Amino acid sequence: MGETMVALRGSGPLRLGGTMQVSIAGAESNVAIGLARLGHDVRWAGTVGDDEAGALVLRTLRAEGVEVSGAATDPGAPTGLLLFEPRLPEVTRVHYYRAGSAGSRPAADAVDRAFRTAPPRVLHLTGITPALSPTARSAAYQALHLARRHRSAICLDVNFRARLWTAEEAAAVLREWIPFVDVLIASDDELPLCLPEGAGAAAPDHADQARLLLKQGVGEVVVKLGAEGATAFTPDGRVHQPARAVRAVDAVGAGDAFVAGYLSALLDGVGPAGRLARGVTTGAFAVASHGDWEGAPTRAELGMLGAPPGTVVR
């Protein structure tokens with residue numbers, strides 16, 4: 001559940017003009033597409049404008065096998081816009097045009113409808129949605145309660161966006177959400193946002209912070225460490241998985257791809273080590289491909305990263 005926007009990708013500095021590639025992007029829909037490509041039944045719940053941009057979002061999700069009966073159309077607001085501006089080989093600036101967008105004001109009945117259709121095994125949310133507006137925050141909180149009522153597992157990817165809200169604002173909301181969360185996914189610098197107020201001094205590193213969150217009732221804490229891989233903390237202990245070595249092309253969307261792989265293995269009943277292994281594999285596919293979700297692998301392609309350089313699959 002979350003906002004998906006039309007994404008325009010430039011080839012260089014925006015002020016110089018040039019051509020742009022048109023696609024869609026949204027952390028939650030990136031995960032949805034990644035899971036659908038891995039063979040899972042996925043539904044996306046969100047709101048788009050009654051415009052051509054909204055039609056592109058829904059058409060793309062349908063084409064990728066994501067079910068959109070839980071989506072809503074808002075005739076009074078436009079679909080959001082996202083501009084990607086590559087400035088250096090490994091530095092991309094992102095410009096949001098989502099204030100007042102349809103996705104920032106989801107209707108409460110759309111959330112109810114998404115759960116009435118069929119309660120999900122897993123509800124996936126990110127910390128982006130509550131940053132968009134009080135309306136979006138309320139809708140996400142309602143989804144948390146509905147998931148708890150229907151006994152759906154809840155996965156939260158912190159996904160802190162400094163351009164959308166302050167760390168203090170984020171912490172206030174995320175601390176309120178933590179009691180609902182079964183799977184918490186965050187980078188190591190995002191974990192402190194989830195801790196009880198004043199607990200940071202008692203938990204100076206991400207391992208201590210993860211263990212503190214487990215004591216609060218979170219089922220498992222997964223820490224994304226970029227090029228160093230990822231670590232999962234559960235009541236049974238700690239498991240680490242190094243990143244897969246690939247030639248980096250575009251790091252955008254790698255975190256979402258990791259989440260898709262991790263949740264895929266979770267849905268398959270695989271243990272923490274296997275979940276991490278699949279997560280770093282799908283994350284590597286994203287890093288090695290241009291776009292937010294375009295490089296997401298199918299289940300049959302997961303083994304391709306082990307092929308020697310120069311391999312031609314015939």
Side-chain angles (χ1 to χ4, degrees), residues 1-12 14 19-38 40 42 44-46 48 53-66 68 71 79-98 101 103-104 124-129 131-132 155 157-161 163-164 185 187 224 226 243-244 246-264 279-298 301:
M1 174 186 167
E3 180 178 28
T4 298
M5 298 159 286
V6 165
L8 302 181
R9 289 179 172 272
S11 56
L14 288 175
T19 60
M20 304 195 83
Q21 181 182 2
V22 183
S23 184
I24 70 167
E28 300 83 3
S29 57
N30 293 343
V31 173
I33 291 172
L35 281 164
R37 287 197 180 178
L38 291 170
H40 300 280
V42 190
W44 175 80
V48 297
L56 173 63
V57 169
L58 298 179
R59 178 182 180 276
T60 304
L61 290 173
R62 289 191 193 100
E64 288 295 326
V66 177
V68 294
T79 302
L81 176 65
L82 188 62
L83 301 182
F84 291 98
E85 180 188 21
R87 291 299 290 117
L88 293 169
E90 295 184 11
V91 179
T92 299
R93 288 195 295 213
V94 180
H95 306 274
Y96 299 104
Y97 296 87
R98 64 201 309 179
S101 67
S104 71
H124 178 62
L125 294 172
T126 75
I128 297 172
T129 301
L132 298 179
C155 174
D157 185 357
V158 173
N159 251 331
F160 175 66
R161 295 290 186 267
R163 289 193 175 187
L164 297 178
I185 301 177
S187 57
K224 297 179 290 185
R244 300 292 298 269
V246 293
R247 182 181 301 171
V249 172
D250 183 359
V252 175
D256 301 328
F258 170 86
V259 173
Y262 192 89
L263 288 180
S264 169
V280 298
T281 299
T282 50
F285 269 91
V287 170
S289 310
H290 289 287
D292 271 50
W293 51 268
E294 286 82 351
T298 63
E301 293 172 330

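What you are looking at is a predicted structure, and each value in this text was computed from that prediction instead of being measured. If you read the sequence from its start, that first residue is 1, and numbering goes on from there.
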Novice: For Arg163, does the CZ atom sit with more than 12 other heavy atoms under 6.0 Å from it, leaving out its own atoms?
Specialist: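 Above 12, so yes.
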Novice: Just so I know, are the side chains of Ser187 and Val158 near enough to count as touching, which here means a heavy-atom distance under 4.5 Å?
Specialist: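 No. Closest side-chain heavy atoms not under 4.5 Å.
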Novice: Between Arg37 (side chain) and Ala296 (backbone), is there a donor-acceptor pair under 3.5 Å?
Specialist: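 Between the backbone of Ala296 and the side chain of Arg37 there is a qualifying donor-acceptor contact (under 3.5 Å).
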Novice: Using atom types as modelled, flag every donor-acceptor pair under 3.5 Å from a side chain in residues 285-292 to any protein atom, sequence neighbours excluded.
Specialist:
{"residue": "Ser289", "atom": "OG", "partner": "Phe285", "partner atom": "O", "Å": "2.8"}
{"residue": "Asp292", "atom": "OD1", "partner": "Arg9", "partner atom": "NH2", "Å": "2.5"}
{"residue": "Asp292", "atom": "OD2", "partner": "Asn30", "partner atom": "ND2", "Å": "3.1"}

Novice: Minimum heavy-atom separation for Gly54 and Val48, please, with both atom names.
Specialist: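 In terms of heavy atoms, the two residues are closest at CA-CB, 3.7 Å.
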Novice: Hey, does Ile24 have a side-chain heavy atom less than 4.5 Å from the side chain of Leu61?
Specialist: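 Side chain of Leu61 against side chain of Ile24, heavy atoms only: contact under 4.5 Å found.
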Novice: To the nearest 0.5 angstrom, please state how far the OH atom of Tyr97 sits from the CG atom of Leu82.
Specialist: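 Tyr97 atom OH to Leu82 atom CG measures 10.0 Å (nearest 0.5 Å).
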Novice: Once you round to the nearest 0.5 Å, how far does CG of Leu38 lie from CD of Glu301?
Specialist: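 If we round to the nearest 0.5 Å, Leu38:CG and Glu301:CD are 9.5 Å apart.
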Novice: For residues Val22 and Val6, determine if any side-chain heavy atom of one lies less than 4.5 Å from a side-chain heavy atom of the other.
Specialist: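 Yes. Closest side-chain heavy atoms under 4.5 Å.
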Novice: What's the separation between atom CG in Leu132 and atom CZ in Arg161, rounded to the nearest 0.5 Å?
Specialist: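 Leu132 CG to Arg161 CZ: 10.5 Å, rounded to 0.5 Å.
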Novice: Give me the atom names and distance for the closest heavy-atom approach of Leu58 to Ala71.
Specialist: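 Smallest interatomic distance, heavy atoms only, reads CD2-CB, 3.9 Å.
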Novice: Checking Glu3 now: which residues fulfil salt bridge (charged side-chain N to carboxylate O under 4.0 Å, His left out) with it, not counting sequence neighbours?
Specialist: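 Applying salt bridge (charged side-chain N to carboxylate O under 4.0 Å, His left out) to Glu3 gives Arg98.
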Novice: Going by side chain to side chain donor-acceptor pair (under 3.5 Å), name the residues that satisfy it together with Glu294, two or more places apart in sequence or in a different chain.
Specialist: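 Result, side chain to side chain donor-acceptor pair (under 3.5 Å) vs Glu294: Ser23.
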Novice: Please find the pair of heavy atoms, one from Thr129 and one from Met1, that lie closest to each other, and give the distance.
Specialist: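 Minimum heavy-atom contact is OG1-O, 3.9 Å.
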Novice: How many angstroms lie between atom CH2 of Trp44 and atom OG1 of Thr4, to the nearest 0.5 angstrom?
Specialist: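 Answer for the CH2-OG1 pair, Trp44 versus Thr4, is 4.5 Å.
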Novice: Does Leu8 reach the side chain of Phe84, with side-chain heavy atoms less than 4.5 Å apart?
Specialist: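 Sidechains of Phe84 and Leu8: no contact.
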Novice: Could you state the interatomic distance from OG (Ser29) to CE (Met5), rounded to the nearest 0.5 Å?
Specialist: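 Spacing of OG (Ser29) from CE (Met5) equals 8.0 Å.
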Novice: Restricting to non-hydrogen atoms, name the atom on Ala27 and the atom on Asn159 that form the minimum distance, rounded to 0.1 Å.
Specialist: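 For Ala27 and Asn159, the tightest heavy-atom pair comes out as CB-ND2, 3.6 Å.
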Novice: Can you name the side chain to side chain donor-acceptor pair (under 3.5 Å) partners of Thr126, sequence neighbours left out?
Specialist: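 So Thr126 forms a side chain to side chain donor-acceptor pair (under 3.5 Å) with Glu28.
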Novice: Would the distance check show the side chain of Thr60 and the main-chain N or O of Leu56 forming a donor-acceptor pair, the cut-off being under 3.5 Å?
Specialist: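 Yes, because the side chain of Thr60 sits within donor-acceptor range (under 3.5 Å) of the backbone of Leu56.
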Novice: Mind checking side chain to side chain contact (heavy atoms under 4.5 Å, CB included) for Ala36 and listing every partner two or more places apart, or none if nothing turns up?
Specialist: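 If we apply the side chain to side chain contact (heavy atoms under 4.5 Å, CB included) test to Ala36, skipping adjacent residues, the hits are Val42, Val66.
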Novice: Work out which heavy atom in Leu263 is nearest to a heavy atom in Cys155; give both atom names and the distance.
Specialist: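 Shortest heavy-atom separation between Leu263 and Cys155 comes out as CD2-SG, 3.9 Å.
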Novice: Looking at Ser264 and Leu35, what are the two nearest heavy atoms and their distance?
Specialist: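 Reported closest heavy-atom pair: N-CD2, 3.6 Å.
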Novice: Can you sort out the partners of Glu85 under side chain to side chain donor-acceptor pair (under 3.5 Å), two or more places apart, ordered by chain and number?
Specialist: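 For Glu85, the residues satisfying side chain to side chain donor-acceptor pair (under 3.5 Å) (neighbours in sequence not counted) are Arg93, His95.
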